[in-house]
Every structure is written in structure tokens, then in C-alpha cells.
Visitor: 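Dropping a structure here in C-alpha cells format, bear with me for questions.
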Amino acid sequence: MNNIIKVAMGILVDSSGAVLLTSRPAGKVLAGYWEFPGGKIEQDETAIEALKRELQEELGVVIDVNRTQFLGEVSHQYPHGLAKLGVIRVDSWSGTITPLEGQETYWYNLSHELTVAPLLPTATDVIKLLTQNQKG
């Protein structure tokens with residue numbers, strides 16, 4: 001049986017157009033890898049509800065759900081299961097981004113070279129999706 005992991009992934013975009021990447025904290029699967037913030041969607045949650053909860057828990061911010069946009073889905077088969085990520089752009093939030101789980105943060109301008117590594121395969125796929133959207 002293949003374990004399916006449904007995830008809401010937030011693409012936080014600042015006023016310059018840069019997007020936020022975070023490192024996976026010690027003690028988590030694939031610790032040290034870089035990803036977009038977010039997390040698992042619980043049984044009775046929508047992707048937006050899950051993202052709002054996760055970003056509050058991980059980064060101490062409250063997203064403005066009226067300033068979000070669903071960009072698509074990315075899937076990747078990891079050894080521990082199939083990750084299905086709903087990619088949600090977030091253009092507005094309140095509070096100061098504070099890494100509450102000991103993770104690192106990095107604002108990435110899509111037109112520059114990425115200077116953090118390693119990236120989770122899903123993060124690489126999302127960056128491709130974002131750069132295609134920018135050009136289109």
C-alpha cells in the first residue's frame with residue numbers, strides 16, 4: 001500500500017517578488033533540506049485551512065486567505081510515501097516571519113541563482129512551476 005501524504009505548500013511572496021524557502025529542522029524526515037513552508041492537510045481541513053494553521057505554527061504569521069491563489073499540484077514519490085502538494089501563492093500575511101521550529105529561512109529571487117542546498121525534489125518542481133508562470 002502506498003502512503004499518500006497530502007500537503008498544503010505556501011509560496012509566500014514579498015513586495016520584491018522573492019519567495020520564502022525554509023530548511024527542514026533537525027529531527028524531521030529529510031532534515032536540512034530546503035522547501036517551501038507548509039505541512040500536512042489533516043482529515044477535516046481544506047488546503048487553505050491547513051496552510052493557515054501550519055504557517056502560524058511554523059512561522060508565527062497569519063495569512064490573508066483572501067490574498068491567496070491556488071497555482072497547481074506537484075507530486076513526488078518519497079521512500080516513506082507519495083507526497084501530493086497543493087501549491088498556494090500567499091501575497092499577504094500579518095505578523096513577522098519567525099522560525100518557530102529552529103528552521104532557517106531564505107528569500108529567493110527567482111531570477112537569480114539559488115544559493116541554498118539541498119532542495120527537496122518537490123521544491124525544485126515548484127520553482128520550475130513558478131518560473132514558467134513568470135514567463136507565461
Side-chain angles (χ1 to χ4, degrees):
M1 181 180 116
N2 196 3
N3 187 26
I4 295 176
I5 307 154
K6 290 186 177 178
V7 175
M9 177 184 284
I11 310 303
L12 279 71
V13 183
D14 73 5
S15 58
S16 74
V19 296
L20 182 69
L21 289 166
T22 58
S23 64
R24 292 189 55 80
K28 286 201 173 183
V29 174
L30 300 168
Y33 277 76
W34 289 85
E35 64 182 353
F36 290 94
K40 288 182 188 168
I41 300 171
E42 301 296 338
Q43 181 97 29
D44 298 324
E45 281 182 321
T46 66
I48 289 286
E49 289 168 342
L51 186 62
K52 186 174 181 178
R53 176 183 51 76
E54 287 284 348
L55 294 182
Q56 230 169 333
E57 291 172 3
E58 292 178 14
L59 298 171
V61 295
V62 178
I63 64 171
D64 178 350
V65 296
N66 298 314
R67 302 268 322 272
T68 60
Q69 178 188 3
F70 183 76
L71 299 178
E73 191 174 270
V74 172
S75 297
H76 185 79
Q77 181 66 56
Y78 288 99
H80 59 282
L82 176 66
K84 289 189 170 189
L85 291 82
V87 181
I88 302 166
R89 179 182 171 119
V90 179
D91 287 301
S92 179
W93 59 89
S94 58
T96 302
I97 291 174
T98 308
L100 299 174
E101 297 182 340
Q103 71 275 47
E104 294 179 70
T105 60
Y106 174 74
W107 287 99
Y108 171 49
N109 181 320
L110 294 167
S111 63
H112 293 98
E113 190 173 332
L114 187 62
T115 58
V116 294
L119 276 185
L120 284 181
T122 47
T124 302
D125 293 344
V126 170
I127 288 172
K128 286 178 192 163
L129 178 76
L130 294 172
T131 52
Q132 286 168 353
N133 281 354
Q134 251 186 0
K135 292 171 188 159

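All figures in this text were calculated on a predicted structure; none of them were measured in a lab.
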Visitor: Angle class for the Tyr108/Tyr106 ring planes (parallel below 30°, perpendicular above 60°, tilted otherwise)?
Guide: parallel

Visitor: With a cutoff of under 4.5 Å between side-chain heavy atoms, which Ile, Leu, Val, Met, Phe, Trp and Tyr residues group with Ile41?
Guide: none

Visitor: Should Leu51 and Val7 be counted in the same cluster of Ile, Leu, Val, Met, Phe, Trp and Tyr side chains packed under 4.5 Å apart?
Guide: no

Visitor: For the atom pair CG (Leu129) and CZ (Arg89), what is the distance rounded to the nearest 0.5 Å?
Guide: 11.5 Å

Visitor: Let's go through Trp34 and Leu114 carefully: what are the C-alpha distance in whole Å and the side-chain angles of both, what is the deciding distance for side-chain contact (heavy atoms from CB on, under 4.5 Å) to 0.1 Å, and is it a yes or a no?
Guide: CA-CA 11 Å; Trp34 289 85; Leu114 187 62; over 6 Å; no

Visitor: What's the shortest heavy-atom distance between Phe36 and Leu20, and which atoms?
Guide: CD2-O, 3.4 Å

Visitor: List the residues meeting side-chain contact (heavy atoms from CB on, under 4.5 Å) with Ala18, not counting sequence neighbours, and say none if there are none.
Guide: Asp14, Ser16, Trp107

Visitor: Provide the closest heavy-atom pair for Gln56 versus Leu100 in the form atom of the first, atom of the second, distance.
Guide: O-CD1, 3.7 Å

Visitor: What is the distance from atom OG of Ser15 to atom CG of Asp91, rounded to the nearest 0.5 Å?
Guide: 11.0 Å

Visitor: Given Asp125 and Leu85, is the side-chain contact (heavy atoms from CB on, under 4.5 Å) satisfied, shown in steps?
Guide: CA-CA 11 Å; Asp125 293 344; Leu85 291 82; over 6 Å; no

Visitor: Start with the C-alpha distance between Val61 and Val90, add both sets of side-chain angles, then the distance that settles side-chain contact (heavy atoms from CB on, under 4.5 Å), and finish with yes or no.
Guide: CA-CA 11 Å; Val61 295; Val90 179; over 6 Å; no

Visitor: Taking atom CG of Leu82 and atom NZ of Lys6, what is their separation to the nearest 0.5 Å?
Guide: 10.5 Å

Visitor: May I ask whether Leu21 and Leu71 are part of the same hydrophobic cluster, defined by side-chain heavy atoms of I, L, V, M, F, W, Y residues being less than 4.5 angstrom apart, directly or through others?
Guide: yes

Visitor: Please check if Ile11 and Phe70 belong to a single hydrophobic cluster, counting links between Ile, Leu, Val, Met, Phe, Trp and Tyr side chain heavy atoms closer than 4.5 Å.
Guide: no

Visitor: Can you tell me how far the OG1 atom of Thr131 sits from the CG atom of Leu110, to the nearest 0.5 Å?
Guide: 7.0 Å

Visitor: Keeping Thr68 on the side-chain end and Ile88 on the backbone end, is there a donor-acceptor pair under 3.5 Å?
Guide: no

Visitor: Would Val13 and Ile63 show up in the same hydrophobic cluster when neighbours are defined by side-chain heavy atoms closer than 4.5 Å?
Guide: no

Visitor: Report yes or no: does Gln103 contribute a side-chain atom to a donor-acceptor pair with the main-chain N or O of Glu58 at less than 3.5 Å?
Guide: yes

Visitor: Considering non-hydrogen atoms only, spot the tightest contact between Pro25 and Ala31 and give its length.
Guide: O-CB, 3.3 Å

Visitor: When you group the ILVMFWY residues by side-chain heavy-atom contacts below 4.5 Å and let the links chain together, are Trp93 and Leu59 in the same group?
Guide: yes

Visitor: Nearest 0.5 Å, what's the CD1-NZ distance between Ile5 and Lys84?
Guide: 11.5 Å

Visitor: Do you know the tightest heavy-atom contact between Val29 and His80?
Guide: CG1-CE1, 3.6 Å

Visitor: Is any side-chain heavy atom of Thr22 closer than 4.5 Å to a side-chain heavy atom of Glu35?
Guide: yes

Visitor: Give a yes or no on whether the backbone of Leu120 and the side-chain of Thr122 come within a donor-acceptor separation of less than 3.5 Å.
Guide: no

Visitor: To the nearest 0.5 Å, tell me how far Glu54 CD sits from Lys40 NZ.
Guide: 9.5 Å

Visitor: For residues Pro99 and Thr105, report the shortest heavy-atom separation together with the two atoms involved.
Guide: CG-CG2, 4.1 Å

Visitor: If you take all heavy atoms of Arg67 and Ser92, which pair is closest and at what distance?
Guide: NH1-CB, 3.5 Å

Visitor: Check whether any side-chain heavy atom of Val19 lies under 4.5 Å from a side-chain heavy atom of Val126, and answer yes or no.
Guide: no

